[in-house]
Amino acid sequence: MPVYEFTMVLDRDLSDDDYDRLFEAGLDDCSPGSENGHGYIAVTREAPRLLDAIVSAVHDTVRAGLRPVAIEEEDLLTLGQIAERSGRTHESVRLLAAGRRGPGGFPAAVGAGNASLYSWAAVSDWFAEKLGVVVQPHDANARLLAAASHILRARALAPTEDLALLASA
Amino acid sequence: MMFDGGSIVLTSVYPCMTPTSRRHLYVRKHGPVFNTLLERNLLEISNGQVRLIGVVSAGRHPRNAINAVIGELPHNVEVVPIHKGHRWGALKCATCDATEAIWSTPRNADNHARSLLRFVAKHLHDEEG
Ligand SMILES: [Zn+2]
C-alpha cells in the first residue's frame with residue numbers, strides 16, 4: 001500500500017496530554033509538533049488512496065480532541081517520491097541527483113543515503129531550468145490536498161449543515 | 001543495566017498483564033527497575049509476557065532509523081529527553097522554539113525517522129537565503 005505524506009495544521013497548540021491522546025487515537029504513524037504557537041501533525045500514513053489517508057487522519061485527530069484547520073503539501077521528498085512525481089524511474093532520478101547523468105548541479109539533499117530529502121520546489125525548478133522539462137506541479141493528489149484544506153478551513157468558519165447546503169448548491 | 005537491542009523474554013514477571021493493567025504491573029523481584037522500564041516504554045506486554053524492546057541507556061532510542069537522524073543534528077536542533085507517556089523525547093529548534101515529538105514506539109520507525117529528518121531540514125535557518 002502506498003504511503004501518503006502531508007501536514008495538518010491544528011486549531012491550537014498541543015499540551016503534554018494531547019501527545020498521548022493523539023498516539024492512542026491511532027496517530028502513532030504520525031509526528032505531532034508545535035511551531036509558532038500552533039500544533040501540527042506531520043502525517044505519514046499507509047492507505048489505499050490519498051483520500052482515505054486524509055479522512056482517517058482527520059478523524060483520528062478529532063477523536064483526540066483536536067481540530068485540523070488546514071492541510072499542507074509536503075515539499076521535502078525522497079528520490080523515490082521525486083521519481084513518482086516526475087514520471088521517471090528511481091534509477092534515473094538517482095543518477096541525475098548524483099550528477100552521473102544530466103547537466104549536474106541537482107539541488108542538495110538533507111540527510112544521507114536512502115533517507116535523503118530534497119525540496120520539490122527546488123527540484124522542479126531544476127527540471128525546468130536544466131532539462132527544459134516542466135513537471136506538472138499540480139497533479140491530482142496536490143489538488144485533492146488543496147480541496148481538503150479548503151474544506152477544513154470552511155468547517156472552522158461555518159456550521160456543517162450550511163456547508164452541506166453550499167456544497168450541493 | 002544494559003541490554004543491547006533485540007528483545008528478551010522476561011519470564012520472572014507475572015503473566016497477568018493486559019494493556020490496560022500495565023501501569024499496575026506487579027513484579028515481585030525487580031519492581032523498581034521494571035517500573036522504570038515501563039515508564040520509559042521499554043517494555044512491551046503481549047500474550048501475557050513482557051518483552052524488553054529497548055536499550056536501557058540515556059540518549060539512545062531503541063530504533064536505529066531514529067538514532068541515525070538524532071545522531072547527526074545541526075547546532076541549533078537538540079534532543080530533549082521526555083520519557084513520559086508515549087513520548088521518548090522531542091526535537092527542539094533553539095532558533096524558533098519549534099518542537100516535534102519522538103515516539104518511544106512509532107508504528108513505523110523509518111517513516112517516523114523521515115518526519116524527524118524533515119523537521120531538521122525545515123529548521124536549517126542559517127542556510128536559508
Ligand atoms: Zn526553527
Side-chain angles (χ1 to χ4, degrees), chain A residues 1-7 13-46 53 60 64 72-81 107-122, chain B residues 19-20 22-23 39 41 44 61 63-74 77 79-80 82-93 95-129:
Chain A
M1 244 193 297
V3 174
Y4 295 101
E5 295 176 307
F6 51 89
T7 296
D13 209 351
L14 295 169
S15 70
D16 265 12
D17 291 344
D18 284 330
Y19 285 97
D20 287 338
R21 274 197 285 269
L22 288 168
F23 187 99
E24 273 154 25
L27 290 157
D28 58 329
D29 56 349
C30 304
S31 304
S34 166
E35 206 169 47
N36 300 322
H38 272 276
Y40 70 85
I41 300 174
V43 179
T44 310
R45 182 150 283 195
E46 223 179 88
D60 290 349
E72 289 167 2
E73 203 187 348
E74 199 47 73
D75 179 56
L76 292 165
L77 306 179
T78 62
L79 285 181
Q81 291 167 319
V110 180
N114 285 335
S116 298
L117 295 172
Y118 298 80
S119 160
W120 175 243
Chain B
T20 48
R22 56 186 290 172
R23 287 189 194 288
E39 276 165 23
N41 280 308
E44 186 177 78
H61 192 279
R63 305 301 303 269
N64 286 334
I66 289 163
N67 283 314
V69 175
I70 64 179
E72 281 182 55
L73 294 174
V77 177
V79 176
V80 181
I82 295 177
H83 302 309
K84 189 177 152 213
H86 295 290
R87 278 179 301 165
W88 178 86
L91 288 182
K92 185 170 171 49
C93 169
T95 311
C96 73
D97 260 3
T99 63
E100 188 163 302
I102 305 171
W103 298 132
S104 301
T105 54
R107 196 185 304 175
N108 180 312
D110 290 331
N111 290 345
H112 193 42
R114 193 160 62 242
S115 272
L116 297 173
L117 185 60
R118 280 202 179 104
F119 179 92
V120 171
K122 282 173 189 164
H123 293 278
L124 293 173
H125 296 282
D126 295 349
E127 290 170 28
E128 276 171 18

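Values below: all heavy atoms of this structure, side chains included; hydrogens, waters and symmetry mates excluded. Given the structure is predicted, the values throughout are model-derived calculations rather than measurements. Residue numbers start from 1 in every chain, and the chains themselves are labelled A, B, ... in the order their sequence lines are given, proteins ahead of strands.
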message: How long is the straight-line distance from CG of A/D28 back to OG of B/S104, given to the nearest 0.5 Å?
response: 11.5 Å
- prompt: Tell me, do A/D16 and B/R87 make a side-chain contact under 4.5 Å, heavy atoms counted?
  reply: yes
- prompt: Can you name the nearest heavy-atom pair linking A/Y19 to B/T99, along with the distance?
  reply: OH-OG1, 4.0 Å
- prompt: Going by atom types alone, do B/H112 and A/S31 pair a side-chain donor with an acceptor below 3.5 Å?
  reply: yes
- request: Identify the residue among A/V3, A/V43, A/D29 that makes a side-chain contact (heavy atoms from CB on, under 4.5 Å) with B/N111.
  value: A/V3
query: In terms of heavy-atom proximity below 4.5 Å to chain B, should A/L27 be classed as side chain, backbone, both, or neither?
result: backbone
- request: Tell me, for A/R21 versus chain B, whether the close heavy atoms (under 4.5 Å) come from the side chain, the backbone, both or neither.
  value: neither
Smallest separation among heavy atoms of A/D20 and B/G85, with atom names: OD2-CA, 3.4 Å
query: Relative to chain A, which of B/E100, B/R118, B/E72 shows the most heavy atom pairs under 4.5 Å?
result: B/R118
message: Working note: A/D75 + B/K122, criterion side chain to side chain contact (heavy atoms under 4.5 Å, CB included); need CA distance, chi angles, decisive distance, verdict.
response: CA-CA 10 Å; A/D75 179 56; B/K122 282 173 189 164; over 6 Å; no
All side-chain contact (heavy atoms from CB on, under 4.5 Å) counterparts of A/D13, not counting sequence neighbours: A/S34
query: Can you list the residues that meet the salt bridge (charged side-chain N to carboxylate O under 4.0 Å, His left out) rule with B/R114, with sequence neighbours excluded?
result: A/E5
message: In the structure I gave you, are the side-chain heavy atoms of B/W103 and A/P32 within less than 4.5 Å of one another anywhere?
response: yes
statement: Max heavy-atom pairs within cutoff under 4.5 Å with chain A, candidates B/C93, B/A68, B/A98, goes to B/A98
